[in-house]
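Report on one structure; see the data block that follows.
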Amino acid sequence: MKVLQSVRVLEIGGLGPGPFCAMHLADLGADVISVVRQGEQNAAPTGSILNRGKRSVFADLKTEAGRQLVLALAAEADALIEGMRPGVMERLGLGPQDCLRVNPRLVYGRMTGWGQTGPLAPRAGHDANYAALSGALWGCGPADARPVSPFALLGDIGGGALYLMTGLLSGIMQARASGQGTVVDAAIVDGAAHMLNLMLSARQRGMVADVRGQSVYDSAPFYDTYVCADGHYITIGALEPQFYALLLATLELTGDPVFAGSQWNKDAWPARRARLAALFLTQPRAHWQALLEPTDACFGAVLSPPEAARHPHMQARGVYTEHQGALQAAPAPRFNGAAYAPGDLCADGAHTAQVLGALAQSGAKAVWRRQTGS
């Protein structure tokens, strides 16, 4: 039995963080029904990875039949996920008050970039915009280059989907204890800013400056990214003195005069970086992997997702899988030492008849009649 086997989730289909959150919940065992509008989705013929483990139903929320279907499903759900701009669900007659009226225990999750309130709340945006305004994008790149957001990770996933999931699960716990649901306002700008508290703690200690290129994490030669002879990249993160000493010893640099003196002598950092950069350029990435991966020198090769899937460590843990013709990352985290298997991909609307039939059997006959015309 998966950990969220007892949880039912209704997802109003959208883009990015909402579907990812719903997939994550389904990965962990939740029964997720995704309501999508026919003809508007661009999933692969076999279904999107973000649809794995879900059931999918077609409905037009602008019609009375679609509204009644959502209300009928909300009545039986623990949580609802929607990612519309503020006010849209209310105009459809499916806002928090409408849904909590049919299910007072419902946890109503609202996923937006800017949040439900504030001057930018009604404005459009995407991952990089939210990450930028939150402060999270600022440090993503060296001082002499433009900040670049890792695809959807800072905003949509890190600051969005995972904070929405935290809010939903917290609300479900409260609802099961009190019988009272809640409305979760999950804004990407809130979550992305909250993730900065580790960095802000380092700022308190003087390890992060307010100017790019002057912090330990973006200026120290022992915490950096280097290019190899074959054009691939590696990372070094030897912050602690024992790991730094091991790095120098493994690279046969212990007696090099460039590295004489304190590890933390910032005046020496430019020359040390140049020395390391020249050294790493002499051999391909695989050479440095073979030399440094077996040590505690805090090393990691920069791999593409397909390359990562072939790495022995990732293979040993089964982190990636080829399932239904698509490269996917396995569900996480693990429970009792094992990862759950990913659910099957489903095409949009594949479970419409099944779900409507179940609603009819459970007594929602008015919904069945409107949808089928019978």
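Values below: every heavy atom of this structure, side chains too, minus hydrogens, waters and symmetry copies.
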- Message: For a ring-ring contact (aromatic ring centres under 6.0 Å, His included) check, start with the C-alpha distance between W264 and F222, then their side-chain angles and the critical distance, and finish with the verdict.
- Response: CA-CA 10 Å; W264 298 95; F222 47 82; 5.1 Å; yes
With a cut-off of 6.0 Å (strictly less than), are more than 12 heavy atoms of other residues, nucleotides or ligands near [atom1] of [X]?
X	atom1	answer
H126	NE2	no
E252	CD	no
Y223	OH	no
Q97	CD	no
M207	CE	yes
Y340	OH	yes
R8	CZ	no

- Step-by-step ring-ring contact (aromatic ring centres under 6.0 Å, His included) determination, W288 to F299: CA-CA 9 Å; W288 302 115; F299 167 89; 8.4 Å; no
- If only atom types and distance count, is the side chain of Q263 paired as donor or acceptor with the main-chain N or O of L239 below 3.5 Å?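 Pair found, side chain donor or acceptor close to backbone of L239.
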- Message: Looking at P142, is its backbone amide N or carbonyl O close enough to the side chain of R212 to form a donor-acceptor pair, meaning the two atoms are under 3.5 Å apart?
- Response: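 Confirmed, R212 side chain pairs with P142 backbone.
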- Task: Verify salt bridge (Lys or Arg N to Asp or Glu O under 4.0 Å) between E90 and R110, making sure each step is shown before the conclusion.
- Result: CA-CA 12 Å; E90 283 83 353; R110 317 202 77 169; 2.9 Å; yes
- Message: Restricting to salt bridge (charged side-chain N to carboxylate O under 4.0 Å, His left out), what partner residues turn up for D210, sequence neighbours left out?
- Response: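 By the salt bridge (charged side-chain N to carboxylate O under 4.0 Å, His left out) rule, D210 matches R203.
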Do [X] and [Y] have side chains that get closer than 4.5 Å, going by heavy atoms?
X	Y	answer
L28	K2	no
L133	L120	yes
Q283	C228	no

- Message: For N265 versus R272, what's the shortest heavy-atom pair and its separation?
- Response: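 For N265 and R272, the tightest heavy-atom pair comes out as O-NH1, 4.5 Å.
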- Is there any ring pair (Phe, Tyr, Trp, His ring centres under 6.0 Å) pair reaching into residues 136-165, and which pairs are they, with sequence neighbours excluded?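 Passing the test, one end in residues 136-165: Y163-H194.
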- Taking atom types as modelled, is there a side-chain donor on S149 or D127 under 3.5 Å from an acceptor on the other?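 A donor-acceptor contact under 3.5 Å links the two side chains.
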- Mutual orientation of the aromatic rings belonging to F259 and Y244 [parallel < 30°, tilted 30-60°, perpendicular > 60°]: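 Tilted.
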- Message: Checking R285 against E307 for the salt bridge (Lys or Arg N to Asp or Glu O under 4.0 Å) test, could you report, in this order, the C-alpha distance in whole Å, the side-chain angles of both residues, the deciding distance, and whether it holds?
- Response: CA-CA 12 Å; R285 182 181 65 187; E307 288 175 326; 3.0 Å; yes
